[in-house]
Amino acid sequence: MRAKVAAWHAAGEKVALVPTMGALHQGHIALVKEAQRHARRVITSIFVNPTQFAPHEDFKKYPRTFDQDCAMLAEAQADAVFFPQVEQMYPPGFATRILLLGPAAVGLDDRFRPTHFEGVATVCCKLFTQSQADCAVFGEKDYQQLKVVTRMAADLDLGIEIVPLPTFREPDGLAMSSRNRYLSAEHRALAPLLHKVMQELAARLRNRDDLFKAVTEAQGEIISAGFELDYLEARHADTLAAVTSLADGPIRLLVAARIGGTRLIDNIGV
Ligand code: PAF
């Protein structure tokens, strides 16, 4: 990949990376299309990264659909697929992790997945340095991840621009995710409620409704619908720090909830 990228750079072509764990859907293709707007060449990495899964999480059962992914990427005219194996990324003796503070330590997903962002940052740092890409495109669906990776790339002078892209949604509003395929028909029908509640909450806050009251009622609505709620919180959109009033903004609402064992996350700007 380095040789290929060096040749592209020598020809004066910009290179973008779209990091994925495969099981691609139209949200990933939207990332590829966005990458094509920023660079002449687009590499998509497909790597189910073991270091970002806790032992009880779904690493083993995470969907792996390599042939279908490649067909989708060919159709989208991506230039290359980088598909490293676990032993190449983490050979015996691998002993380095990135220690994260700031947006990785704010009590959102980090509270429920304490080693997750360390694994994400470590693999992204490797993918960035391996690819030497000029920019990398990340979806806003994983909003905390986007903030963590943006912070890391700046703090470690990785020389890569992180480009955010708004969440790609199903027609009924559910944020596209590779994990949506775990949902039963019944839970799939219920899942768009998360986005609906978030939209209504954002509208209430834009109308200057009381922050605490509006958030508490939205939390109640999600729980009453049958979700197990990890969190629904209003945070500062850049730092992800806790906010107590709309004046502490710009505000982003973030939610994580489980339905039938599938964990869904979403977020929305106010
Ligand atoms: O968002 C994902 O799919 C993963 O966390 C990423 C960024 C590819 C790192 O493994």
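Counting starts at 1 for both ligands and their atoms, in listed order.
- Near V123, meaning under 4.0 Å from any of its heavy atoms, are these atoms of ligand 1: 9 (C), 10 (O).
- For the pair R151 and F117, the cation does not sit on the ring face, since its NZ or CZ is not both under 6.0 Å from the ring centre and inside 45° of the axis.
- Of all protein heavy atoms, the one closest to atom 1 (O) of ligand 1 is Q145 NE2, 2.8 Å.
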Given the rule in the ring-ring contact (aromatic ring centres under 6.0 Å, His included) test, do F83 and F66 qualify, once you have shown the distances and angles that lead to the verdict?
-> CA-CA 9 Å; F83 181 55; F66 184 68; 3.9 Å; yes
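- For the side chain to side chain contact (heavy atoms under 4.5 Å, CB included) test, residues two or more places apart in sequence or in another chain that qualify with S177 are K141, R179, N180.
- With ligand atoms numbered from 1 in the order given, ligand 1 contributes 8 (C) to contacts under 4.0 Å with heavy atoms of P19.
- A cation-pi geometry, defined here as NZ or CZ lying under 6.0 Å from the six-membered ring centre and within 45° of its normal, does not hold between K60 and F53.
- At the top of the distance list for atom 9 (C) of ligand 1, counting protein heavy atoms only, stands Q52 OE1, 3.3 Å.
- We find that E217 and R204 are joined by a salt bridge, their nearest charged nitrogen and carboxylate oxygen being less than 4.0 Å apart.
- Contact annotation for T20 and ligand 1: only backbone heavy atoms (N, CA, C, O) come within less than 4.0 Å of the ligand.
- Remark: minimum distance from atom 3 (O) of ligand 1 to any protein heavy atom is reached at M21 CG, 3.7 Å.
- Ligand-side atoms of ligand 1 in range of F138: 7 (C), range being under 4.0 angstrom from any heavy atom.
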Yes or no on side-chain contact (heavy atoms from CB on, under 4.5 Å) for V149 and Q145, after CA distance, side-chain angles and deciding distance?
-> CA-CA 6 Å; V149 170; Q145 166 175 282; 4.2 Å; yes
